[in-house]
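Notes follow once the structure below has been shown.
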Amino acid sequence: TVHGHLTTLCDRGFAIKRAGEYELGLRFFEYGQYTRRQLEIVRSGAFAVDELEAQTGEMVWLLTHQNGKGIYVYGRAGDNDIDVNTILGTWIHMHYNSGGKAILAHLPTSEVESIIDTHGLPARTAQTITDRERLLAELDRIEAQGYALNRSEDLAGIHAVGVPLIVDGEVRGALSVAGPAHRMSRDRCEGPILDQLRAATDEIDLTLAYR
């Protein structure tokens, strides 16, 4: 029965047999690309990511969420030795990511509580918020100020700032800029980069308004 299924998958391009072992086929890549193209925030936000990379020289990410986790759907590396293709499509816990926290801050508290119950608050670094009440208080601040910071909460030595992407009153994702801590000071994150992020989200909102 299993062999029959594998043969069908191979016939349709979802699996290949190489050196006596089965591997995933590139048909999955085709479906993944199709799925990404259907996302409104990718169609409307990719240009903003490209512009932000040129303006800041830092990593820029477009993040969306599903089933309580975030996923990188588009990104640019900036002046960093990073291969974004190894990160795109990666699922993450949102509580240690600036874009993820920006999303969480604009979800109903009951949904955030459910996400915590389901996925927990695992630590990535010593700076990760792993206490429920502390995280909820942080999310209240983020909602009030309109942006989220990540100061080495995901990766040591990396700082980031993120803003939510809200469509028709619903948070659909987030836009963030990240880079080495020595370049991404708090003043820079909350000053010029935040201004650039907000300008970018205004452009995305305008694009979505005329979709």
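If you read the sequence from its start, that first residue is 1, and numbering goes on from there. Values below: every heavy atom of this structure, side chains too, minus hydrogens, waters and symmetry copies.
A side-chain donor-acceptor contact under 3.5 Å links T7 to the backbone of H3. Using modelled atom types, no side-chain atom of R134 and backbone atom of I129 make a donor-acceptor pair closer than 3.5 Å. Remark: side-chain polar atoms of T130 are not paired, donor with acceptor, to backbone N or O of L121 under 3.5 angstrom. Under the 3.5 Å distance criterion, the side-chain polar atoms of H95 are matched with a main-chain donor or acceptor of P122. The main-chain N or O of H119 is found under 3.5 Å from a side-chain atom of H93 such that the two form a donor-acceptor pair.
Here the side chains of Y96 and L135 are not in contact, with every heavy-atom distance at 4.5 Å or above. You'll find the side chain of L107 reaches within 4.5 Å of the side chain of H65, heavy atoms only. Between W61 and S98 the shortest side-chain heavy-atom distance does not fall below 4.5 Å. Counting only heavy atoms from C-beta outward, the side chains of R172 and I204 never approach each other to under 4.5 Å. Between E58 and V161, every side-chain heavy-atom pair lies at or beyond the 4.5 Å cut-off. Under the 4.5 Å side-chain criterion, counting only non-hydrogen atoms from C-beta, L52 is not in contact with R76. With contacts defined as side-chain heavy-atom distances shorter than 4.5 Å, the pair V49/E53 does not qualify. Side-chain contact between P180 and N80 is present, with at least one heavy-atom pair separated by less than 4.5 Å.
Taken to the nearest 0.5 Å, the CD atom of E51 stands 5.0 Å off from the CD atom of E203. One distance of note links OG1 of T90 with CD1 of I71; it measures 7.5 Å at 0.5 Å rounding. For the atom pair R141 CZ and K101 NZ, the distance stands at 9.0 Å (nearest 0.5 Å). How far CD of E23 is from NZ of K17: 12.0 Å, rounded to the nearest 0.5 Å. Interatomic distance, OG1 of T8 versus NE2 of H5, reported as 7.5 Å (0.5 Å rounding). The structure places CG of L104 at 11.0 Å from NE2 of H106, a figure rounded to the nearest 0.5 Å.
Both W91 and V73 are members of a single hydrophobic cluster when ILVMFWY side chains are connected at heavy-atom separations under 4.5 Å. I92 and I158 are members of different hydrophobic clusters when ILVMFWY side chains are connected at heavy-atom separations under 4.5 Å.
In this structure, A160 and A178 approach most closely via the heavy-atom pair CB-CB, 3.6 Å. Contact between D187 and P192 at its shortest, heavy atoms only, is O-CD, 3.9 Å. Smallest separation of non-hydrogen atoms from L24 and I16: O-CG1, 4.4 Å. Between P164 and V171, the shortest heavy-atom contact is CB-CG2, 4.2 Å.
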Query raised in the report: Run the side-chain contact (heavy atoms from CB on, under 4.5 Å) check on R186 and R151 step by step: do they pass?
Result: CA-CA 9 Å; R186 186 160 194 153; R151 296 173 60 79; 3.4 Å; yes

Report task. Would you please test L62 and L165 for side-chain contact (heavy atoms from CB on, under 4.5 Å) and show each step? Result -> CA-CA 9 Å; L62 194 58; L165 294 173; 3.4 Å; yes

Report task. For side-chain contact (heavy atoms from CB on, under 4.5 Å), just list the numbers for L194 and V163, CA-CA rounded to whole Å, side-chain angles, deciding distance to a tenth of an Å, and then say yes or no. Result -> CA-CA 8 Å; L194 180 57; V163 295; 3.8 Å; yes

**Report entry** Check against side-chain contact (heavy atoms from CB on, under 4.5 Å), N97 and Y72
**Finding:** CA-CA 11 Å; N97 179 279; Y72 293 107; 2.9 Å; yes

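By the side chain to side chain contact (heavy atoms under 4.5 Å, CB included) test, E21 pairs with no residue at all, sequence neighbours left out.
Among N150, L155, L149, the one residue that satisfies the side-chain contact (heavy atoms from CB on, under 4.5 Å) test with E153 is N150.
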